[in-house]
Amino acid sequence: MYILTSSGYQIEIGSLETSGFSDFIQQRYSDSKIVIMVDENTNDNCLEYLITTFDFLAEAEVMLLPSGEENKVMEVCFQVWEALSDYGIGRRDLVINLGGGVVTDMGGFIASVYKRGVDFIHIPTTLLAMIDASIGGKTGIDLGVYKNQLGVFMNPKAIFTDKIFLETLEPKEMVNGFAEALKHALIRDAALWNELSSLENLSELSSDEMLMRISSIKVEIVNSDPYEKGVRKILNFGHTVGHAIEGYFLFREPVDHGHGVALGMIAESYISYRKGILAKTTFEEIEKVLLDWFPVPQISMPDIQGIVELLYNDKKNHSGKIQCCLLENIGTCVYDQPVEEAVFADALVYLMSKSVSLN
Ligand SMILES: NC(=O)c1ccc[n+]([C@@H]2O[C@H](COP(=O)([O-])OP(=O)(O)OC[C@H]3O[C@@H](n4cnc5c(N)ncnc54)[C@H](O)[C@@H]3O)[C@@H](O)[C@H]2O)c1
């Protein structure tokens, strides 16, 4: 199954073994050195399958990145750039990013900047990376507690998505990916929301058809606005508050990206309702589904103050005003909506009222 992006690269969903992966590499990169970026978990769970299935990868250099959001940082990039240089990697070589969103974001950034750009492809290994992070050409790293502050738009040469990698994923990572799937549905596809919101078992997401359907939403939005000048901003629904929560707790009690986005979607749906844009009953429906899957951790008033401060560094802000996406209905989202600090604080206090102990 293929999805063609307007940027010219292809996403192939299905078994890697029977996919066009082998031909793709051998036709384009037979004389190139190949570097495979992995993190600790994809090194243990995914790499062997890849290199034993494809002989031509036996000679590839493997670059082991430390796993986790706290390592999506410049210090790691410097080490990898030095290693690439030591290995003599040049502009005609290829980087394969084998991992979740941290590896695809950071590996894509490393490849894009090294020698002004080396080709890279993604083989996403988490649900979140399959349906979201690997798609759309945003590469980047964090700057302290500020998410994705450094980066470039650079598309991979191809994406190969094989559900086999989901087999070793921890259940909580399926839930994290589910958050972005629910977001795609909330901003664009009410029918998908109805299906996803009644799912009892997330293994139902691991079919090629479902991966294709969910990924296609992101592709379609990115195709119409590759550099996020307009409609692509709706993909950030839940991320204004979500990123601030993720960043604030990163060096305290980390909240995973997907979980943070889900909490952000509750807060931003609440703001949509309080502003009279979203019907109360619709807000309540959204909140119920999200709270069932994504419990709200303990949040205190000083935490709220810290989270609100981080909102001022969001990339979507304009002229010092915090902007976010708001829902009009399930399946319809508006972007560039200025929201006052006090309204965010109010939404976070509301979120705090839903806190449960996660221990
Ligand atoms: N560029 C974009 O458009 C975009 C969109 C959404 C999210 N993101 C970014 O993606 C990141 C989150 O991605 P994520 O949730 O995939 O996180 P992640 O990459 O940290 O992966 C989650 C965990 O799963 C492990 N893992 C990965 N694949 C595995 C496998 N097959 N088996 C066992 N363990 C495995 C990882 O080592 C990690 O511990 C964030 O940094 C976020 O900012 C980027």
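We count ligands from 1, going down the list as the structure has it; atoms in each ligand are counted the same way.
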Quick check: closest heavy atoms across G136 and Y9, and the distance to 0.1 Å? N-OH, 3.1 Å

Please work out which of the three classes, parallel, tilted or perpendicular, describes the rings of F178 and W293, given edges at 30° and 60°. perpendicular

Whether K321 and E340 form a salt bridge (side-chain N of Lys/Arg under 4.0 Å from carboxylate O of Asp/Glu) is what I want to check. no

Applying a heavy-atom distance cut-off of 4.0 Å, which protein residues contact ligand 1? D39, N41, T42, N45, C46, S67, E69, K72, G100, G101, V102, D105, T125, T126, L128, D132, A133, K138, K147, N148, F165, T168, L169, E173, E180, K218, H257

Identify whether NZ of Lys or CZ of Arg in R116 sits under 6.0 Å from the centre of the six-membered ring of Y114 and within 45° of that ring's axis. no

Once ring pair (Phe, Tyr, Trp, His ring centres under 6.0 Å) is applied, do any residues pair with F344, and if so which ones, sequence neighbours excluded? none

Please check: side-chain N/O of S215 versus main-chain N/O of M212, any donor-acceptor pairing under 3.5 Å? no

